[in-house]
Amino acid sequence: MSEPENAGGFPRPRSGGLAPVLVSAGAILVVVAWLLVRGDDELFFGYLGGPIAMAAGTYACLRIARVRLPRPVHAFWRRMTLVGVFLLIAAVVALLRANNNTGLSLHVALPTLAGLGLLIFTFLTLPGRQTTPVALLRALLDGLTVAVASALIFWYVVFDLAPADTSMAARLVAAVVGVGGVLLLVTVGKAAAAPDTAVDGTALRVLTAAPIACVAATILMIAGDDRSRMALSVLVLPIVGTALAVSAYLQRRALQRPAAPPTPASNRSLFNLLPFVAVAATTGLVISVSAQDMNARQRTVVIGALLIAGCVVARQLLSLRENTLALRGIRHQQAELERLALSDNLTGLPNRARFTVALAERIDAAEPAAALLIDIDDFKMINDTLGPAAGDQMLFQVAQRLRAQCTAGEMPVRLGGDEFAVLLPTDDPAAAESAAGRALQALADPFTVGEQHLLVHASAGIAIAEPGATADEVLRNADIAMYAAKEAGKASWARFEPRMRQDMVNHAMLAGELRNGIARGELRLLYQPIYDLVTGRLHGAEALVRWQHPERGFVSPADFIPVAERTGLIVPLGAWVLREACSQLARWRATYGDRTVESVNVNVAVRQLREVGFVDEVAAVLSETGLSPRNLIIEVTESSVVDGWQVRETLRALHEMGVHLALDDFGTGQSSLSLLRAFPVDVLKLDKSFVDGIAEGADRGRLAVAAAVAQLAEHLQLKAVAEGIENQEQLNRLRDMGYRYGQGFFMSRPVPADDYAALMAADPVRA
Ligand code: C2E
Ligand code: MG
Ligand code: MG
């Protein structure tokens with residue numbers, strides 16, 4: 001049977017659960033009525049209350065144990081069900097023997113003792129309690145003190161009062177049940193007084209009724225008159241059964257409430273003083289015995305011994321108090337140290353360690369959780385260019401914004417560097433995704449750092465915690481998802497899917513091989529001719545990189561350029577392309593003189609533009625190859641232009657140097673007219689997808705874009721180049737629209753440098 005869940009994620013048992021309470025309480029009432037009306041007649045009916053109440057109590061525990069609960073709470077109620085079963089057996093046996101014997105019998109005592117023993121064990125191993133060897137030893141010593149004292153008291157006081165004909169077996173059973181009851185009272189009472197157990201505190205406190213009833217029953221069995229003995233022997237199990245039912249009911253109610261914030265652990269409980277109470281009671285016993293049976297000399301010795309014992313106990317109490325004070329100080333310091341160790345100095349947010357612990361706790365408790373990982377895309381660049389102090393200011397503001405947008409139950413943390421995370425108390429993908437959207441939205445407005453207004457982009461990855469996963473695994477998955485988000489385009493989020501892990505592995509392998517490939521010289525450049533569509537003559541060349549892998553064969557740049565961008569390999573790769581293309585143009589000029597095309601187009605990735613030394617590198621290559629800046633056209637995509645102010649600064653510096661800039665794949669990105677005005681573009685390259693739509697004439701939308709781009713270029717006095725022309729019809733239409741230049745398989749595929757040289761040689765001399 002499945003149970004509904006509440007918003008806090010706790011599995012919520014169905015409401016109700018009152019029936020066992022009513023049944024068991026009814027059983028008590030019936031037994032009391034029977035006691036009043038029938039007295040000791042028809043014993044069978046008097047004992048009937050026990051099995052009924054115990055069955056109701058056991059059933060209530062069983063129902064709680066069947067709800068999907070945090071593991072420790074679940075274990076507790078399973079054991080309580082077993083305790084109930086033992087006591088139910090005792091109740092049934094007592095019922096069957098009702099008319100034979102009213103005293104304690106071994107048949108009843110054995111299942112009772114088994115139940116009480118299990119109850120002690122259950123409470124000793126209650127989650128949230130200390131289980132270090134020293135703590136266990138202390139519990140054992142406390143228990144021993146209480147057991148010895150209560151055994152003595154039972155022996156001297158209670159047995160004295162017992163009728164002379166009470167059998168030895170009955171006395172022994174009574175002593176064991178009585179002492180067991182006192183021990184149980186200590187264990188249950190201590191646990192019920194502790195504020196930090198996983199099981200509901202009120203439910204635990206109700207359970208102390210069970211040992212109290214046991215102890216009272218034993219005392220009355222031995223020492224009471226017939227009537228009170230009878231009353232208790234029929235009432236004790238109904239009372240215990242009702243305690244179980246009420247306790248289970250309270251636990252059920254507690255689960256329906258939203259989880260309360262945990263109360264700080266404290267060790268102050270009256271039950272800690274129980275060993276001292278035991279010592280005091282034994283002292284009283286010794287005094288009364290010595291007063292009756294001893295002579296004056298013996299009595300002096302006993303009084304001396306008691307005085308010494310008293311002094312030792314007083315001293316113990318004093319040091320207990322001292323210890324408590326010292327412990328409180330240590331706890332305070334410890335809490336402060338923990339706070340420092342678990343939070344981030346710069347932002348004041350919790351840190352990675354705190355995040356991991358909190359996530360692991362939720363997973364262990366079977367509570368829903370998800371990790372949202374957030375990475376600031378351009379942070380390294382801010383640090384590099386504006387300095388670490390500005391970087392710190394930036395991170396501080398990011399932390400503030402993240403904190404401000406978090407809703408109740410979410411925990412924002414700084415994992416380190418420019419990585420942040422939010423622990424989400426949900427396993428609902430839609431809720432996690434909306435949290436991701438909210439977080440990214442909060443970082444979308446410009447940040448003010450010193451004089452500067454900085455726009456940054458952040459990418460986010462979401463991973464839902466699956467049951468049984470470790471916190472590290474969840475974080476790693478969120479990390480993988482975040483990289484997938486970055487790859488798909490910045491300022492976005494992605495939710496983890498298992499296939500992403502395989503992609504990641506493939507990319508890592510490809511990246512390793514690419515690194516070797518660059519070193520082994522497996523890369524080469526092809527040149528695709530760019531033609532003047534009006535004169536039909538060669539106008540320029542776009543350098544396109546090729547990777548001839550020894551085993552994989554030809555690898556498309558569409559596959560390895562993104563990998564190179566993500567791993568940073570694009571920086572050395574791009575540097576090689578730039579140098580090689582410029583050297584090639586220089587070699588052609590040496591050979592073909594005026595016949596050589598004026599410029600070569602080189603594709604540059606945004607990652608290269610973000611490198612601080614990029615402008616200097618371009619200048620160095622130009623001067624080494626003896627080219628002038630106007631011989632180089634750098635192709636960038638629109639998305640890289642909107643990437644950030646640093647990239648725009650780089651492009652402006654290149655433009656000022658005289659290098660021409662082309663916007664590649666124009667029309668596919670976030671083309672905006674203001675961008676064209678603000679940014680020094682020289683060439684627009686109409687994306688192939690618009691050229692594709694032209695010949696059929698069917699796609700009016702694409703046709704309109706192609707025409708509009710041509711007009712735009714004309715008005716802004718930019719060069720318009722159409723990419724990917726595959727037939728004559730496309731060429732004609734594009735030329736008619738106003739495209740002066742074009743490239744495509746129809747004229748020529750990208751070709752090796754020698755083939756390109758042959759084309760140049762065949763071309764009429766340039767004016
Ligand atoms: P891109 O810069 O837009 O390059 C044009 C792509 O279109 C080239 O693909 C070219 O071979 C292809 N193409 C040209 N005409 C036609 C045609 O008529 N039909 C068809 N179907 N395709 C045509 P390629 O060489 O596979 O390059 C793909 C992309 O990889 C390039 O797109 C560019 O973004 C990137 N890339 C290539 N080389 C480099 C490089 O050296 N550095 C960087 N950063 N990126 C590069
Ligand atoms: Mg290009
Ligand atoms: Mg292109």
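Numbering of ligands and ligand atoms starts at 1, following listing order.
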(message) Can you see whether Phe355 has Arg352 sitting over its ring - NZ or CZ less than 6.0 Å from the centre and within 45° of the normal?
(response) no

(request) Sort out for me which residue in Thr637, Val683, Leu684 forms a side-chain contact (heavy atoms from CB on, under 4.5 Å) with Phe666. (result) Leu684

(message) What I want to check is whether the side chains of Gln728 and Asn732 have a donor and an acceptor closer together than 3.5 Å.
(response) yes

(message) Quick check on the 6.0 Å ring-centre criterion: do His539 and Tyr531 meet it?
(response) no

(message) Restricting to N, O or S atoms, which atom of Glu542 is closest to the Mg ion (ligand 2)?
(response) OE2

(request) Answer yes when Lys719 and Glu714 have at least one side-chain N-carboxylate O distance shorter than 4.0 Å, and no when they do not. (result) no

(request) Consider only side-chain N and O atoms of Asn603 and Glu542, and report whether a donor and an acceptor are under 3.5 Å apart. (result) yes

(request) State whether Asn603 contributes an N/O/S atom found under 2.8 Å from the Mg ion (ligand 2). (result) yes

(request) Check the Mg ion (ligand 3) and write out every protein N, O or S atom at under 2.8 Å, as residue and atom. (result) Asp664 OD1, Asp665 OD1, Glu723 OE1, Glu723 OE2

(message) Side chains of Arg566 and His507: any donor to acceptor distance under 3.5 Å?
(response) yes

(request) Salt-bridge test for Asp472 and Arg476: reply yes if a basic N is under 4.0 Å from a carboxylate O, no otherwise. (result) no

(request) Validate the cation-pi geometry between Arg552 and Phe560: distance from NZ or CZ to the six-membered ring centre under 6.0 Å, angle to the ring axis within 45°. (result) no

(message) Looking at Arg414 and Glu419, is any side-chain nitrogen of the basic one under 4.0 Å from a carboxylate oxygen of the acidic one?
(response) no

Identify all N/O pairs between ligand 1 and the protein with a separation under 3.5 Å and present them as a table of atom names and distances.
residue, atom, partner, partner atom, Å
ligand 1, 2 (O), Glu542, OE2, 3.0
ligand 1, 2 (O), Asn603, OD1, 3.0
ligand 1, 2 (O), Asp664, OD2, 2.8
ligand 1, 3 (O), Asp665, OD1, 3.1
ligand 1, 3 (O), Glu723, OE2, 3.2
ligand 1, 15 (N), Gln528, NE2, 3.1
ligand 1, 18 (O), Phe745, N, 2.8
ligand 1, 19 (N), Glu726, OE2, 2.6
ligand 1, 21 (N), Glu726, OE2, 3.2
ligand 1, 25 (O), Arg546, NH1, 2.9
ligand 1, 25 (O), Arg546, NH2, 2.8
ligand 1, 38 (N), Val545, N, 3.2
ligand 1, 42 (N), Asn603, O, 3.3

